[in-house]
Amino acid sequence: MSTVWGGLALGAIYALVALGYNIVFVSSNVFNFAQAQLLMLGTFIAFWGSVTLKLPTVVVFLLCAVVVGVVAVVEERTAIRLVRGTEGLLVTTVGFATLLDGLTQVIWGGQPLQVPFFGPSKVLDLLSGNVFPVELVLIGVAVVLALGFVAITRGSMLGIALLAVSEDREAALMRGINVRAVAIGAFAAAGVVAGLLGPLIGPKTFAVATLGSSLALKGFVAMAIGGFGSAPGALIGGFAVGLIESESGRYLGESYSTLMIFLALLLVLLLAPNGLFGHARERTV
Amino acid sequence: MTDPGTVPAARRAPDAAVASESPVPLLSVRDLVAGYGDLRVVWDASFDVRHGQVTALLGRNGAGKTTTLRAIAGLNKLHSGSVTLNGQDLAGVPPHRRIRAGLGMVQENKRVFKRRTVEANLLLGGYSRRVRRRKLKDSLEEIYELFPALRGRAGTPAGQLSGGQQQMLAIGQALMGKPKLLMLDEPSAGLAPAIVGEVMNSVMTLKASGLGILLVEQAVEAAVGVADQITVLDVGRVVMSGPVGSIPDLEIIKDAYFGRGRGRPE
């Protein structure tokens with residue numbers, strides 16, 4: 001059971017990456033390849049705030065939210081707004097991700113930095129398995145964020161507006177929606193959320209400059225398994241990837257875990273090309 | 001290409017005569033030059049839309065009708081000229097604010113949000129009013145009264161509606177924003193004649209309620225049936241403009257559509 005808890009916690013992180021992809025994707029049809037790097041930046045800021053500056057927990061969260069939120073807005077203005085066409089965005093968002101990878105390595109070095117958890121750190125015995133409190137928090141946060149995302153997109157005017165912008169930008173504009181504000185707002189929101197998660201993810205993953213690329217890959221797989229644009233899909237996909245990674249690591253050996261993840265991805269894409277919860281996206285030509 | 005000069009000058013009602021009917025038109029377009037990027041498609045177009053009246057913007061494919069609508073909505077570049085809505089100069093006003101200022105736009109090809117339900121589409125139409133969802137729900141009834149075919153289909157994704165129902169939904173969506181001016185881009189395109197009649201009936205109802213309507217159409221008879229003013233565009237220029245009564249014969253408009261130089265013996 002311990003590996004299940006570990007897998008679920010890891011899966012929660014992948015789900016959070018996938019949710020971040022979704023927030024931006026749903027509202028502006030942009031796939032932000034740097035989303036995982038924003039989460040990584042959050043863990044570094046959490047380290048900087050809590051270890052280097054020794055700030056109180058609340059201030060650390062605020063610092064993470066503000067810094068990562070601002071970086072996300074900078075990304076929107078430089079790597080997204082100025083670019084037209086999906087192919088261009090692929091290059092610029094990957095470029096921004098690489099930039100963040102490099103910058104964090106230059107500032108904090110290549111060694112993993114331990115981010116202390118602000119809550120209790122005593123191992124708990126739950127359902128005959130060992131679990132860290134931070135792991136339970138991660139699982140809970142992922143579930144709550146996914147449900148919140150569903151509630152906003154289905155139940156509020158803002159949510160309807162977001163979906164409208166993603167379906168047809170110009171038609172949304174003609175309904176009086178400030179499409180630019182929505183796009184930048186979605187980036188800011190995804191950034192702030194990524195920042196707030198830094199102090200929660202850091203204790204589990206450490207703050208390390210390679211975190212972004214490994215999270216990006218698995219978050220992407222989680223999203224592809226669950227279905228693009230679906231929050232419940234991101235959650236289920238994330239948990240699936242986390243569980244496959246930890247269970248195959250336990251029974252088949254560490255070297256098999258990534259292999260098995262991609263095997264699962266291949267299977268899902270073969271049997272349900274839009275993912276478990278996705279829908280076909282029509283394109284007009 | 002048709003030379004605008006070939007239409008008899010007598011057919012063109014001078015702007016001054018139009019403007020004298022009522023002091024302030026709802027929409028006033030003056031010397032509009034518009035196009036896509038640096039490309040100019042429409043030159044020096046001037047016309048008005050009054051409260052409770054329909055101005056039909058006619059012309060054949062590529063005459064610049066849609067470009068004119070898009071320029072009024074702020075979607076296309078306005079090279080020069082002015083667009084005034086209810087006394088407010090729209091120059092430099094971003095498109096979404098024009099909608100909030102009272103512009104209702106129904107784009108061509110029944111442009112509804114096909115993946116969203118009928119109700120979500122309508123609620124979205126009211127987004128520009130910036131009121132609570134509950135208040136918007138009260139307005140839904142007015143739309144269902146105008147378009148009974150939409151009633152009972154609230155939970156249906158818009159993409160599953162028939163073409164006529166999608167057109168009604170598109171109009172209903174624009175009406176949810178409580179516009180002062182409604183712009184309709186080819187509402188009859190691709191619809192069965194009976195449905196065209198239904199759509200035009202709703203245009204008459206809306207006109208009677210005091211709404212000003214700018215109607216772009218290729219179906220001349222249908223448009224003339226509901227219009228008060230007619231402006232005919234050809235190759236980007238206004239070739240004829242005036243009240244419906246001042247144009248004695250639809251054939252003249254049709255000539256502007258198909259061009260004089262058809263190369264067919266008369």
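Chain A is the first sequence line, chain B the second, and so forth, proteins listed ahead of strands; every chain is numbered from 1.
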**Asked** Considering all heavy atoms of both residues, which atom of A:R175 and which atom of B:G125 are nearest to each other, and what is their separation?
**Response** CD-CA, 3.8 Å

**Request:** Might you point out which heavy atoms bring A:S166 and B:R115 nearest each other, and give the distance in Å?
**Result:** OG-NH2, 4.1 Å

**Request:** Taking all non-hydrogen atoms of both residues into account, name the closest pair between B:I99 and A:M174 and its distance.
**Result:** CD1-O, 3.5 Å

**Asked** Between B:L136 and A:M157, which heavy-atom pair has the shortest distance, and what is it?
**Response** CD1-CE, 3.6 Å

**Message:** Between B:A101 and chain A, with a heavy-atom cut-off of 4.5 Å, which part of the residue counts as in contact: side chain, backbone, both or neither?
**Reply:** neither

**Message:** Can a donor-acceptor pair be found, under 3.5 Å and without considering hydrogens, that links the side chain of B:R98 to the backbone of A:G176?
**Reply:** no

**Asked** Should A:L163 and B:L124 count as side-chain neighbours, where that means a heavy-atom distance under 4.5 Å?
**Response** no

**Message:** Within the supplied structure, the quantity of interest is the number of heavy atoms (other residues, nucleotides, ligands) at a distance under 6.0 Å from A:R81 CZ; does it exceed 12?
**Reply:** yes

**Message:** Could you check whether atom CZ of B:R133 has more than 12 heavy atoms from other residues, nucleotides or ligands sitting under 6.0 Å from it?
**Reply:** yes

**Asked** In terms of heavy-atom pairs under 4.5 Å, which option from B:P94, B:A174, B:G159, B:A120 contacts chain A the most?
**Response** B:A174

**Message:** With a sphere of 6.0 Å drawn around CZ of B:R100, does it hold more than 12 non-hydrogen atoms of other residues, nucleotides or ligands?
**Reply:** yes

**Request:** Grab the two heavy atoms, one from A:E167 and one from B:V112, that are nearest each other, plus how far apart they are.
**Result:** OE2-O, 4.3 Å

**Message:** Using a 6.0 Å cut-off, check whether atom CZ of B:R129 has over 12 heavy atoms from anything other than its own residue.
**Reply:** yes

**Prompt:** What is the minimum heavy-atom distance between A:I177 and B:Y127, and which atoms define it?
**Reply:** CG1-CD2, 3.4 Å

